[in-house]
Number of protein chains: 2
Amino acid sequence: MLARKNGSMSISEIAKHLNVSKSTVSLVINGKAEEGRISKASAQRIRDYIEEIGYKPNALAKSLATGKSRTIGLIVENIGDSFFGPIALHIEEYLRKHEYQVLYSSTMGDNTLAAEIVQTMLEKQVEGIILAPTDAMRTEVEHMLKSKVPLVLFDRKIPNVQTNYVGTDNYEASRQAVEHLLQQGYERIGMVTIDSQQPQMQDRLRAYREVLSEDGREEQLLYVSFLARSGDPVDAITKWLKKNPQIDGVFFSTNYVCIAGLKAMRKLDREQTLGVITFDDLEVLELMRPQISCVRQPLEKIAKAVVQMLIEQLNDRDKPFNEKIIKSKLQIRESSL
Amino acid sequence: MLARKNGSMSISEIAKHLNVSKSTVSLVINGKAEEGRISKASAQRIRDYIEEIGYKPNALAKSLATGKSRTIGLIVENIGDSFFGPIALHIEEYLRKHEYQVLYSSTMGDNTLAAEIVQTMLEKQVEGIILAPTDAMRTEVEHMLKSKVPLVLFDRKIPNVQTNYVGTDNYEASRQAVEHLLQQGYERIGMVTIDSQQPQMQDRLRAYREVLSEDGREEQLLYVSFLARSGDPVDAITKWLKKNPQIDGVFFSTNYVCIAGLKAMRKLDREQTLGVITFDDLEVLELMRPQISCVRQPLEKIAKAVVQMLIEQLNDRDKPFNEKIIKSKLQIRESSL
DNA sequence: GCAAAAAGCAAAACCGGTTTTGCTTTTTGT
DNA sequence: ACAAAAAGCAAAACCGGTTTTGCTTTTTGC
């Protein structure tokens, strides 16, 4: 009775030890003793022995046989991020209720890497993929759609590709954000965003532009490097604020841009004089003086919707694609003097 | 030539199509055509066909056959946390260099859940586990040690159990932190920590106590609920600060306690009058006025050490256990007036 | 009391790979 | 020209499970 590397025995070894066949053991283990017409006595004997040796099934073998890996792939931009981290936590928690585990990866915005990750996950037979795509993943996504891999995109989608998708009302929420700044009396509002084609960023940008143009105001835009390789965004924003002293309010397009912006403002000692609003909530916003308002995405709701949509697709591969927009809330904090 | 669910073909199907045997195809795929003595011609024909149909191996079958899953389990307290999130990111990046993917889970401090997670990961045949244990995982850890699963603990260890471990110099760094507050002229320093037996927290606490006692000072301690279920830590800290108005400086034991503390201070309008230092760095610390100093753990170095230790163990199962302490740095920021 | 039905299980086929073995055929050496 | 060696590959065994099939033996019905 040789033990395997992991210390446990295989079903065949158990069978041999008890002088029964593999199938009998397997049926008992899976609670199919009844329908397999295994006698109470044999079943109990097998159960006892399994208990005694602490048998642990090899999930790889099981998955290979059943075609179910009980694993979902989660691909985000950066698991260490204050948006994706909590989302990942909640996705994991909801998936656990359905007895799935999560194989995760961060793309850091790298398209080549993202494609590789998808590839490896599919080879590992994940049953579905949850993906915040980088901006050039059309091919991979289309490929997955064609092979009917259950897939849910979130946060951003692929333009002109029909998929399951969960996101927020980027355009509307951003409009409200910019309008709020205007209502607060700020006159010359700038926006800092990233130099990426991600559609959700484009929507936020468009909202800013349209609000300003409808009000007959001039826009003042700064793009900072998304991949954070070329140059320091704090520097870039600092220079921009210096060069445009007329700006009295700023709309940041996302969490890490906002952090960079706040650092720049601190360097220039302008925390009190600039009106700020940002997409995505951050702990720091509540702690600043003055506090900073934001567009707050309901992370848990998003995670819940993502998982629900994936589970539905898993239950019915031919279910038509679904899009769910979870509204963000304008979190208004103490107005800056 | 029936396609499988995932759209790809199996090796047997390829073999059948080309009138060769499975083994031949397998050898060619794995670049073992030479040593398998497959003729150039056959090899090329197989390669061409594989290319043509875009063959994708089933990693489950491969892992079952080879005993290598190329997957590592990562178990942390909370992937959405500002400590564990970035650590997870870096761990993932380093593991990728060794062609491993990560199966992750957050325990949220729940021992039962943590044990289940370990169990499932082992069944899925992860090749190793990286674990920030909850405070009652002795059994699971000992079990893994006995069955020689490559294992690295980090952030906290299990008292009196010899394992691989990567952590920081909690005691020394905390001493420096408290001493720094004293040097800054704060007289009555309190500490807020969590009601958990985690050894790293105990070390931080002990450091605080010893520094104060050596200086003949009285300690002022507040334990907030770790599981964040019973009551709001912000309230608890607020009350504590009110009840102990003599406190002029506070040492927070970890990131989320600090956030709660800062919120309490803000409520009481005491950001200017309390000296604060905390374990773990946070974006917000740099942005506050006054800025807040902290003990900064080198997250990337920790991640690197963790992965390196795991890889070493994977390469030699009988390697003696190793402990690596990565020193934290006291990040001193602009002193509060 | 005897055929048909049900019980109880062993055996085999399968999932999709890897690796070892061993059978032809061709090449080499003398 | 003939044996030994090498080339080229098919076949089989294996990894650890699940599930279907089918062979005994016992039970039931009449």
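Bear in mind that the values here come from a model prediction, so they are computed numbers and not experimental data. Atom set for the values below is all heavy atoms of this structure, side chains included, hydrogens, waters and symmetry mates excluded. Here is the naming used below: chain letters follow the sequence lines, and residue numbers restart at 1 for every chain.
- In this structure, G36(B) and L64(B) both approach DNA chain D, and ranking their closest nucleotides by distance from the 5' end singles out G36(B).
- Listed pair S39(B) / dG8(D) fails the phosphate criterion, with no side-chain N or O lying under 4.0 Å from OP1 or OP2.
- Side-chain nitrogen and oxygen atoms of Y55(A) include at least one within less than 4.0 Å of the OP1 or OP2 phosphate oxygen of dG17(D).
- In terms of phosphate contacts, S26(A) brings no side-chain nitrogen or oxygen within less than 4.0 Å of OP1 or OP2 of dG17(D).
- At dG16(D), none of the side-chain N or O atoms of K62(A) fall inside 4.0 Å of OP1 or OP2 (strictly under the cut-off).
- A close approach under 4.0 Å does occur between a side-chain nitrogen or oxygen of N30(A) and OP1 or OP2 of dT18(D).
- In this structure, CE on M309(A) lies 11.0 Å from CD1 on I130(A), to the nearest 0.5 angstrom.
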- salt bridge (charged side-chain N to carboxylate O under 4.0 Å, His left out) between E323(B) and K157(B), intermediate numbers included: CA-CA 10 Å; E323(B) 270 199 17; K157(B) 40 179 165 176; 2.9 Å; yes
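- No hydrogens or angles considered: nothing links the side chains of T71(B) and K124(B) as a donor-acceptor pair under 3.5 Å.
- Taking only side-chain nitrogens and oxygens, K22(B) never comes nearer than 4.0 Å to OP1 or OP2 of dA11(D).
- Nearest to the side chain of P57(B), among dG17(D), dG17(C), dT19(C), sits dG17(C).
- Computed from coordinates, the E35(A) CD to dA6(C) C1' distance equals 16 Å when rounded to whole Å.
- Contact annotation: K32(B) reaches the phosphate of dT19(C) (side-chain N/O to OP1 or OP2, under 4.0 Å).
- Distances shorter than 4.0 Å separate some side-chain N or O of S42(A) from OP1 or OP2 on dC9(C).
- At most 12 non-hydrogen atoms from other residues, nucleotides or ligands lie less than 6.0 angstrom from CD of Q162(A).
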